[in-house]
Amino acid sequence: MTAAAEPLLQIRDLKTYFPAGRTGPFGLTGEMRYVKAVDGLSFDIYRGETLGLVGESGCGKSTTGRTILQLIKATSGEVMYDGTNLVTLSKREMRRMRRDLQIIFQDPYASLSSRMRVSRIIGDPLTIHHVASGDKKRQRTGELLKIVGLSPSYARRYPHEFSGGQRQRIGIARALAVNPDFVVCDEPISALDVSIRAQIINLLEDLQREFGLTYLFIAHDLSVVRHICTRVAVMYLGKFMELAPSDDLYSHPMHPYTQALMSAVPVPDPDVEDSRRRIILSGDVPTPINPPSGCVFHTRCPLATEHCRAEVPAWRQLRPNHWVACHYAETPAAHAMESVALAAEGAGG
Amino acid sequence: MTLSARDQSTLLDVQDLRTVFSSPRGQVTAVNGVSFVIRPGETVGLVGESGSGKSVTALSLMRLIPSPPGRIEAGKVLFRGRDLLTLSDRDLRRIRGKDISMIFQDPLTSLNPMLRIERQMTEALALHMKLGKRAARDRAIEMLELVGIPSAAKRLSDYPHQFSGGMRQRVVIAIALSCDPSLVLADEPTTALDVTIQAQILDVMRSLTAEFNTSVLLITHDLGVVAGMCERILVMYAGSIVEEAPRREIFYAPRHPYTMGLLKSVPRLDRPRADRLQQIEGSPPDLTRVPSGCPFHPRCPHATDLCRNVVPPLRPVGSNHLSACHYDLSIEGAA
């Protein structure tokens, strides 16, 4: 990331709450409760970068991606794109913006209509956004298939005739059809076979270079994120715990949650696995309906104190462009945890 | 390493197992002549992608293949010398859940949502261990404590939905280990779980199976998981074992081009980013149309006419190292 990076999207205090019934009997009376899926996020996405969003299931990473695209309505906050606040747009105005803002979904089986031919799956966005019609549309569809590594003759086929990896390529072609600036990649390889994943990662990287795309890359696999992302945000219970340039995050993880996550990822290397220690977190992720007071991570944090239970940690920049929400990120205890998290680094042959 | 001992007693000896399914598009050979052994106390990894036949292998060992459409067509599964495939249903039931137990991927579907945990835990204990109600309950509590479930006695009266995913998998492990099995078949036991929970569960499995000297067949697609858990690793592709070796050999000196390709294609947490991942071209084959010759040949960078025509046998390429490739490839040769 260069210092002169220009923000493509500016997200400010974004909140997405889902109603979860009332507190009273049968959820009918009493105070309204909410699942705070996204709870006050502020960050920029720079033009041309891949911003990784990692966290465990239920942390709000997918909701964040969808809220940015207004596929889920934000409860409050701003998403500034090109001088426009997307949150306040009408459905119709937002539809026009979708030419620039696209998404690739996780499950290539669920995200393509089984009743449409590939020509229509990829061609419909061209029609809807008045990009091309008739012969030009057909030509463009063929072109897009070639771009994602499929034969243009596949346009006449239906999704069931393709493997998982090929379907994901079709999903990518659909997202690229309208020449977007920004693509949310929502776990785009998690559902794919191991031997196919590298193909799709390479394809996404090639496309980014060729078309100057900006990605928000949502994933739970920290190894993949390290490979593909320029910057990485670590999310827990709707909030950011840490945000840093990828290299810095992986060489200096400062938040205890990031450290625990990193130490838990299995590495395909027996020597590394034998020599490393793990930070085993106790317990499970609390429910986002009633998140813990103070720091939301305190119930599982090995460093937690009274202070963490009482006070929400400030979002502080502790290294260049490296932001952390932890009261104790620079203490010796945190450094000790960092060395455990990094035990894997360099130990392999 | 237990490998030197060919004469050492084997617990499970699978010989030329073949399981087929009939489908509208023709017969599918999901497991195509698989042979391997598991020794007492050993953890063996069975690695492969979806459709490679790894789960069907595990189900076949326990004769849990739904029939029709499935059928175990050939082979032997010798458990302590007795062939499970020819055992009477009654004799087999005495072994299932007692000497050999299973842990499945999704703890939500392997527990009965309508029954309290106590009932699900004590059923097998009463049946296999002939424990009375009180003793079975005590044993259930002891097992729940062993797998790290807080206030175990209280939680016995809970239903599965009252547990989180990680806790549910702990319950499943507790059930699997409760009758003191000598072999546990664990089919993707942590795939449905988050990484921090996966670390907890693998930790529990590792320490308990070591404590009780239980053998484990650990089935997974995750090379990282087997690297830390298994002594020996079997790599499966399109229904066949294509490579078998002690784990260090598999990771540091793989001989089959599929294993090499897989290892090179996965990004690693402990390595700074490479420019581009090395990818394996193509997709795993459709099992109704398995390629001729070596099933991996359409994706193999080294394939020749020999590979296209002749199925390579799984042959020794080093001590305790088997590979199903016609050629003598090493990492250097393949690079």
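Values in this document were obtained by computation on a predicted structure and should not be read as measured data. Chain naming here is simple, since letters A, B, ... match the order of the sequence lines and numbering starts at 1 in each.
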Item to check | B/Ile280, part contacting chain A, at a heavy-atom distance under 4.5 Å | outcome: both
Item to check | Side chain / backbone / both / neither for A/Leu281 at chain B, heavy atoms under 4.5 Å | outcome: both
Checklist outcome for this item: If one checks every heavy atom of B/Gln198 against chain A at 4.5 Å, the contacting part turns out to be side chain
Item to check | Over all atoms of both residues, closest heavy-atom pair of A/Cys326 and A/His255 | outcome: CB-CD2, 3.7 Å
Item to check | Closest-packed option against chain A by number of heavy-atom pairs under 4.5 Å, given B/Pro284, B/Pro150, B/Gly261 | outcome: B/Pro284
Item to check | A/Glu242/A/Thr258 under side chain to side chain donor-acceptor pair (under 3.5 Å): CA gap, chis, key distance, verdict | outcome: CA-CA 7 Å; A/Glu242 189 160 5; A/Thr258 313; 2.7 Å; yes
Checklist entry - Mind checking whether B/Tyr258 and B/Tyr237 have parallel, tilted or perpendicular rings, split at 30° and 60°? => result tilted
Next on the checklist: Under 4.5 Å from any heavy atom of chain A, what part of B/Val266 do you find: side chain, backbone, both or neither?
Outcome noted: side chain
Checklist outcome for this item: Honestly, the part of A/Ile280 sitting under 4.5 Å from a heavy atom of chain B is side chain
Item to check | chain B contact via A/Asp221 - which portion, at a heavy-atom distance below 4.5 Å | outcome: neither
Checklist entry - Would you call the rings of B/His256 and B/Phe296 parallel, tilted or perpendicular if under 30° counts as parallel and over 60° as perpendicular? => result tilted
Next on the checklist: Counting heavy-atom pairs under 4.5 Å with chain B, which one of A/Ser223, A/Ser263, A/Ala264 comes out on top?
Outcome noted: A/Ser223
Item to check | Distance (rounded to the nearest 0.5 Å) between A/Leu145 CG and A/Gln166 CD | outcome: 11.0 Å
Checklist entry - Based on non-hydrogen pairs under 4.5 Å, which of A/Ile228, A/Val225, A/Leu261, A/Asp274 is most in contact with chain B? => result A/Asp274
Checklist outcome for this item: Bottom line for A/Ser163: the part with an atom under 4.5 Å from chain B's heavy atoms is side chain
Checklist entry - Does any heavy atom of chain B fall under 4.5 Å from the side chain of A/Glu205, the backbone, both, or neither of them? => result side chain
Checklist entry - So which part of A/Ser246 gets closer than 4.5 Å to some heavy atom of chain B, the side chain, the backbone, both or neither? => result neither
Item to check | chain B contact via A/Ile279 - side chain, backbone, both or neither, heavy atoms under 4.5 Å | outcome: neither
